[in-house]
Amino acid sequence: MCGRTSCHLSKEVLARACAYRDRQGQRRLPEWRDPDRYCPSYNKSPQSSSPVLLSRLHVEKGADSSERIIAPMRWGLVPSWFKEADPSKLQYNTSNCRSDTIMEKRSFKVPLGKGRRCVVLADGFYEWQRCQRTNRTQPYFIYFPQIKTEKSESMGAADGPEDWEKVWDNWRPLTMAGLFDCWEPPEGGDCLYSYTIITVDSCKGLNGIHHRMPAILDGEEAVSMWLDFGEVSAQEALKLIHPTENITFHRVSSVVNSSRNNTPECLLPLRLLGRKELKASGSSQKMLQWLATKSPKKQDTKTPQKAESDVPQWSSQFLKKSPLSPKRGGADLLERWLKREKEEEPVAKRPHTQ
């Protein structure tokens with residue numbers, strides 16, 4: 001399953017991380033829809049809003065289905081046929097969709113048949129490993145392997161499309177296959193766009209942590225085929241849904257256990273948090289640099305929320321975000337780690353099955 005993610009990059013950086021080529025081979029950035037609804041967070045849980053990629057054809061008639069947009073949607077699919085006035089009264093959990101029953105359950109079969117395929121964006125996701133001996137759990141942060149190069153510090157130097165490919169060499173977001181739907185309140189009002197993450201059996205590397213994992217689309221070709229419902233049928237797209245071994249992970253602090261906690265400590269390697277001598281591996285140095293330069297701005301938390309009447313119509317009916325309780329000292333820790341000498345270590349240690 002997948003019940004917690006992190007997606008803390010700013011709107012501009014996230015769009016650049018999702019640069020793509022359209023059907024004509026032109027390098028493009030996906031356009032944001034309803035960007036004010038995006039709330040960066042290190043600790044996202046179901047019923048919060050998260051950014052997803054989808055084909056422009058879903059929102060603009062006659063558009064090229066290979067073109068993409070990014071839009072915040074509610075995590076936890078509310079079927080278009082749901083009749084209650086309150087989406088929270090949905091009696092079953094739709095935050096995840098099992099790949100082996102996707103064609104059996106109406107909630108997922110209908111949007112799949114309509115081509116409502118999306119790609120859920122995240123820094124990575126969290127999973128908890130249970131120790132059979134003590135019945136306690138250890139959280140892990142799971143993400144794409146990251147490559148550290150000399151260009152990592154050059155973010156922000158791109159002025160035009162010709163520079164994107166040269167400059168973007170920062171954190172590679174995780175791209176998870178999902179389905180979305182559009183629910184209209186029976187008494188009228190704005191539509192609610194919501195999504196579910198498709199899950200599969202875990203790959204061998206993750207099986208010791210949990211037996212299920214998100215269906216991860218590894219590479220531009222897979223992402224393009226999943227999104228382009230105008231050219232790729234559901235039957236062909238479903239062939240992309242399978243486990244991937246191209247994944248890495250590390251243990252993190254139990255601070256992530258509470259969805260109210262929204263700090264960099266949620267995804268920092270536990271071996272760093274537990275050391276008196278704060279030294280980071282090459283992989284961790286890249287993560288720390290990424291956190292220090294791309295973290296949510298402090299002023300974002302002070303920005304007053306729009307009145308309900310001012311919220312754009314496209315996807316306005318999200319549940320309110322839980323108040324954040326960030327722990328003190330997170331920024332100081334980051335600064336201290338970043339000032340230390342580099343000490344190369346393995347990217348991620350495999351957990352022992354307990």
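The analysis underlying the following values was restricted to heavy atoms, covering all of them including side chains, and did not include hydrogens, waters or symmetry mates.
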(Q) Give me the atom names and distance for the closest heavy-atom approach of C7 to L14. (A) SG-CD2, 4.2 Å
Q) By salt bridge (Lys or Arg N to Asp or Glu O under 4.0 Å), which residues pair with R23, not counting sequence neighbours? A) D64, D228
Q: For the pair R117 and L227, evaluate side-chain contact (heavy atoms from CB on, under 4.5 Å) and give the outcome as yes or no after the intermediate values.
A: CA-CA 6 Å; R117 308 193 299 255; L227 292 178; 5.7 Å; no
Q. After noting the C-alpha distance and the side-chain angles of V200 and I216, does the key distance pass the side-chain contact (heavy atoms from CB on, under 4.5 Å) rule?
A. CA-CA 9 Å; V200 295; I216 296 170; over 6 Å; no
Q. Rounded to the nearest 0.5 Å, how far does CD1 of I247 lie from CD1 of I142?
A. 7.0 Å
**Q.** Contact check, side chains of M176 and I198, non-hydrogen atoms, under 4.5 Å
**A.** no
Q: Linking directly or through intermediates, with side-chain heavy atoms under 4.5 Å: list the remaining ILVMFWY members grouped with F229, chain and number order.
A: L57
(Q) Is the ring pair H250/F141 parallel, tilted or perpendicular, if the boundaries are 30 and 60 degrees? (A) tilted
Q) When rounded to the nearest 0.5 angstrom, what is the spacing between CD in Q47 and CH2 in W75? A) 11.0 Å
Q. What about the rings of W171 and Y143, do their centers lie closer together than 6.0 Å?
A. yes
Q) Side chains of S253 and L270: closer than 4.5 Å at any heavy-atom pair? A) yes
Q. Which atom names give the shortest non-hydrogen contact between I197 and V120, and what distance separates them?
A. CG1-CG2, 4.0 Å
(Q) With a 4.5 Å cut-off on side-chain heavy atoms, are I69 and L53 touching? (A) no
Q: Mind running side-chain contact (heavy atoms from CB on, under 4.5 Å) on N43 and V255 for me, showing each step along the way?
A: CA-CA 10 Å; N43 198 352; V255 70; over 6 Å; no
**Q.** Heavy-atom closest contact (S10 atom, Y38 atom, distance)
**A.** C-CE2, 4.3 Å
Q) L217 and T175: which non-hydrogen atoms are nearest, and at how many Å? A) O-OG1, 2.6 Å
Q: Assess whether salt bridge (charged side-chain N to carboxylate O under 4.0 Å, His left out) is satisfied between R68 and E31, documenting all intermediate values.
A: CA-CA 7 Å; R68 304 173 190 176; E31 179 184 324; over 6 Å; no
Q) So do the side chains of F180 and P111 get within less than 4.5 Å of each other, counting heavy atoms only? A) no
Q: Answer yes or no: is there a donor N or O on one side and an acceptor on the other, between the side chain of R212 and the main chain of T199, under 3.5 Å?
A: yes
**Q.** Y126 and T5, any side-chain heavy atoms less than 4.5 Å apart
**A.** no
Q: Just jot down the side-chain contact (heavy atoms from CB on, under 4.5 Å) partners of S254, sequence neighbours excluded, or say none.
A: N257
Q.
Under a 4.0 Å threshold between the charged nitrogen and the carboxylate oxygen, would K204 count as salt-bridged to E245?
A. no
Q. What's the spacing between L179 CG and C118 SG if we round to 0.5 Å?
A. 6.5 Å
Q: For Q129 and G208, indicate whether the former's side chain and the latter's backbone hold a donor-acceptor pair under 3.5 Å.
A: yes
Q.
Please report the interatomic distance CG(L29) to CZ(R16), rounded to the nearest 0.5 Å.
A. 7.5 Å
(Q) Side chains of F125 and S6, heavy atoms from C-beta outward: is any pair under 4.5 Å? (A) no
Q.
With no hydrogens and no angle check, just 3.5 Å: does a side-chain donor-acceptor pair link S66 and Y20?
A. no
(Q) Using only atom types and a distance under 3.5 Å, with no angle test, would you say the side chain of S259 pairs donor to acceptor with the backbone of K44? (A) no
Q. Tell me, do F108 and V110 make a side-chain contact under 4.5 Å, heavy atoms counted?
A. no
Q) With a 4.5 Å limit on heavy-atom distance, are the side chains of L90 and P87 in contact? A) no
Q | A15 versus W32, closest heavy-atom pair with distance | A | CB-NE1, 3.9 Å
Q: Identify, with sequence neighbours excluded, every residue that meets side chain to side chain donor-acceptor pair (under 3.5 Å) alongside D218.
A: R172, N246
Q. For the side chain of R133 and the backbone of N135, is there at least one donor-acceptor N/O pair under 3.5 Å apart?
A. no
Q) With no hydrogens and no angle check, is any side-chain donor or acceptor of E67 less than 3.5 Å from a backbone partner on R28? A) no
(Q) Checking the side chain of T248 only, and the main-chain atoms of P145 only, is there a donor and an acceptor separated by less than 3.5 Å? (A) no
**Q.** Contacts of type salt bridge (Lys or Arg N to Asp or Glu O under 4.0 Å), residue K239, not counting sequence neighbours
**A.** E236
Q: Assess whether side chain to side chain donor-acceptor pair (under 3.5 Å) is satisfied between Y195 and S95, documenting all intermediate values.
A: CA-CA 7 Å; Y195 73 90; S95 57; over 6 Å; no
Q: Could you list all the salt bridge (charged side-chain N to carboxylate O under 4.0 Å, His left out) pairs where at least one residue sits in residues 179-189, not counting sequence neighbours?
A: R116-D181
Q.
What I want to check is whether the side chains of H8 and D123 have a donor and an acceptor closer together than 3.5 Å.
A. yes
(Q) Check whether H58 reaches the backbone of G115 with its side chain - one donor and one acceptor, N or O, closer than 3.5 Å. (A) yes
Q) Which pair of heavy atoms, one from N96 and one from T196, lies closest together, and at what distance? A) C-OG1, 3.1 Å
Q.
For V52 and I70: C-alpha separation, side-chain torsions, deciding distance, then whether side-chain contact (heavy atoms from CB on, under 4.5 Å) applies.
A. CA-CA 6 Å; V52 304; I70 305 182; over 6 Å; no
Q | E221, CD atom: more than 12 neighbouring heavy atoms under 6.0 Å | A | no
**Q.** Distance, nearest 0.5 Å, that separates OG of S202 from CD of E127
**A.** 7.5 Å
Q) Looking at W183 versus Y193, is the centre-to-centre ring distance below 6.0 Å? A) no
Q. When the ring centroid of H210 is compared with that of Y140, is the distance short of 6.0 Å?
A. no
Q: Mind checking the CD-CE spacing from E220 to M225? Nearest 0.5 Å is all I need.
A: 12.0 Å
